[in-house]
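Heads up: the structure comes next, in structure tokens.
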Amino acid sequence: MSRTEYIFLAFSSLFIIVDPLASIPAFISMTPNDTPEERKRMAGLACAVMAGILFLFAAGGKLIFKFLSITMPAFQIAASIVLLLVALDMLRAQRSRVQETTEETAAGTNKTDIAITPLAIPMLAGPGAISTVILLQTRARDSFQIVALYVCILAVSLASYLILRVAARGARWLSPIALRIATRIMGLLLAAVAIQFMLNAFEALGIVTAHPAT
């Protein structure tokens, strides 16, 4: 995989799995009494925490595997299943319970500050995003791609903040129909990424043989 292909894969897969657009309705509903400025502050803190969590797992993913004696193909298969579950919910234009549950959203409504939980964790940096970061880190072939992964995490965090910042004034610009269409398209792309990760694991185990791209 070339450097350009890796950067595109890293940014697109991370943005799709973080899916800040799908977090907007919950973000607004959990902050009904907050001013736009307070919402912007929460969005900034949440995205900063998200970046920190993803940085942590990008840097320490291999150490966690070594400590727990987990092989990479085993994690790739498990992570691909998690991503596929999220993708299937996105194809149905639903917010996946892998990313957040209705109970977590309801609990957030009663909190004075939702920035860290449930907005940052698990709505933005949930199991799917963490799994994706670790998988991308293991696919990095040189120091350039490792640095590119961290830059992509920052870029996704910044994009998420800008989206939530715009939504802080009430998201009147958001069309439910457009949101559903975008969610389904991103879900299809995420499903393809999940299947590719699973095929990579099967290839590493010798179950399937890789074929050159046409």
Checklist line | Between OH on residue Tyr150 and CD on residue Gln145, distance to nearest 0.5 Å | finding: 13.5 Å
Item checked: Audit row: Glu38, Thr31, side-chain contact (heavy atoms from CB on, under 4.5 Å) steps and yes/no -> CA-CA 9 Å; Glu38 290 171 332; Thr31 56; over 6 Å; no
Margin query: Test of understanding: clusters of I, L, V, M, F, W, Y form through side-chain heavy atoms closer than 4.5 Å, transitively. Do Leu14 and Val193 belong to the same one?
Written below: yes
Notebook entry, point to check: In Å, rounded to the nearest 0.5 Å, how long is the span from CZ of Arg165 to CG of Leu158?
Noted result: 11.0 Å
Check: Do Val147 and Ile134 share a hydrophobic cluster (ILVMFWY, side-chain heavy atoms under 4.5 Å, transitive)?
Finding: no
Check: With hydrophobic residues grouped by side-chain heavy-atom distances under 4.5 Å, do Leu45 and Ile163 end up in a single group?
Finding: yes
Margin query: With rounding to the nearest 0.5 angstrom, report the CG to OG distance, Leu119 to Ser160.
Written below: 9.5 Å
Check: Looking at side-chain heavy atoms only, is the closest gap between Ile114 and Met123 below 4.5 Å?
Finding: no
Item checked: Side chain proximity check, Phe202 to Ile77, heavy atoms < 4.5 angstrom -> yes
Next item on the list: Just do the side-chain contact (heavy atoms from CB on, under 4.5 Å) check on Leu164 and Arg39 with the steps written out, would you?
Entry: CA-CA 8 Å; Leu164 293 177; Arg39 285 175 173 171; over 6 Å; no
Next item on the list: Measure the CG-CD1 distance between Leu136 and Ile146 for me, rounded to the nearest 0.5 Å.
Entry: 12.0 Å
Note to self: Please list all pairs meeting side-chain hydrogen bond (donor to acceptor under 3.5 Å, both in side chains) that have one or both residues in residues 66-75, counting only residues at least two apart or in different chains.
What the structure shows: none
Next item on the list: Identify the heavy atoms of Leu91 and Arg184 that sit nearest to each other, and give their distance.
Entry: O-NE, 3.0 Å
Notebook entry, point to check: How far apart are the closest heavy atoms of Lys40 and Tyr161, and which atoms are they?
Noted result: O-CE1, 3.7 Å
Note to self: Side-chain heavy atoms nearer than 4.5 Å, only ILVMFWY residues, links allowed to pass through others: does that put Ile7 and Val133 together?
What the structure shows: no
Next item on the list: Could you pull out the closest heavy-atom pair between Ala204 and Pro73, with the gap in Å?
Entry: CB-CG, 4.0 Å
Next item on the list: Consider only side-chain heavy atoms of I, L, V, M, F, W and Y, link residues closer than 4.5 Å, and tell whether Phe57 and Phe67 are in one cluster.
Entry: yes
Check: Among Ile17, Val82, Leu54, which residue meets the side-chain contact (heavy atoms from CB on, under 4.5 Å) test with Ile130?
Finding: Leu54
Item checked: Minimum heavy-atom distance between Cys152 and Ala10, given as atom pair plus value -> SG-CB, 3.8 Å
Notebook entry, point to check: What's the spacing between Phe11 CZ and Leu149 CG if we round to 0.5 Å?
Noted result: 12.5 Å
Next item on the list: Run the numbers on Leu189 and Ser12 for side-chain contact (heavy atoms from CB on, under 4.5 Å), then give the verdict.
Entry: CA-CA 9 Å; Leu189 295 174; Ser12 60; over 6 Å; no
Check: What distance do Ile153 atom CD1 and Ile53 atom CD1 have between them, rounded to the nearest 0.5 Å?
Finding: 11.0 Å
Check: Is there any side-chain hydrogen bond (donor to acceptor under 3.5 Å, both in side chains) pair reaching into residues 186-200, and which pairs are they, with sequence neighbours excluded?
Finding: Gln196-Asn200
Check: Between Ala120 and Ala46, what is the shortest heavy-atom contact and its length?
Finding: CB-O, 3.4 Å
Notebook entry, point to check: Any donor-acceptor pair under 3.5 Å linking the side chain of Glu203 with the backbone of Leu199?
Noted result: no
Notebook entry, point to check: What's the verdict on side-chain contact (heavy atoms from CB on, under 4.5 Å) for Met198 and Ile81, showing C-alpha distance, side-chain angles and the deciding distance?
Noted result: CA-CA 8 Å; Met198 186 176 292; Ile81 292 173; 4.0 Å; yes
Next item on the list: Would you mind reporting whether Asp19 and Leu124 have side-chain heavy atoms less than 4.5 Å apart?
Entry: no
Note to self: Looking at every non-hydrogen atom in both residues, tell me the closest pair between Pro118 and Met30 and how far apart they are.
What the structure shows: CG-SD, 3.7 Å
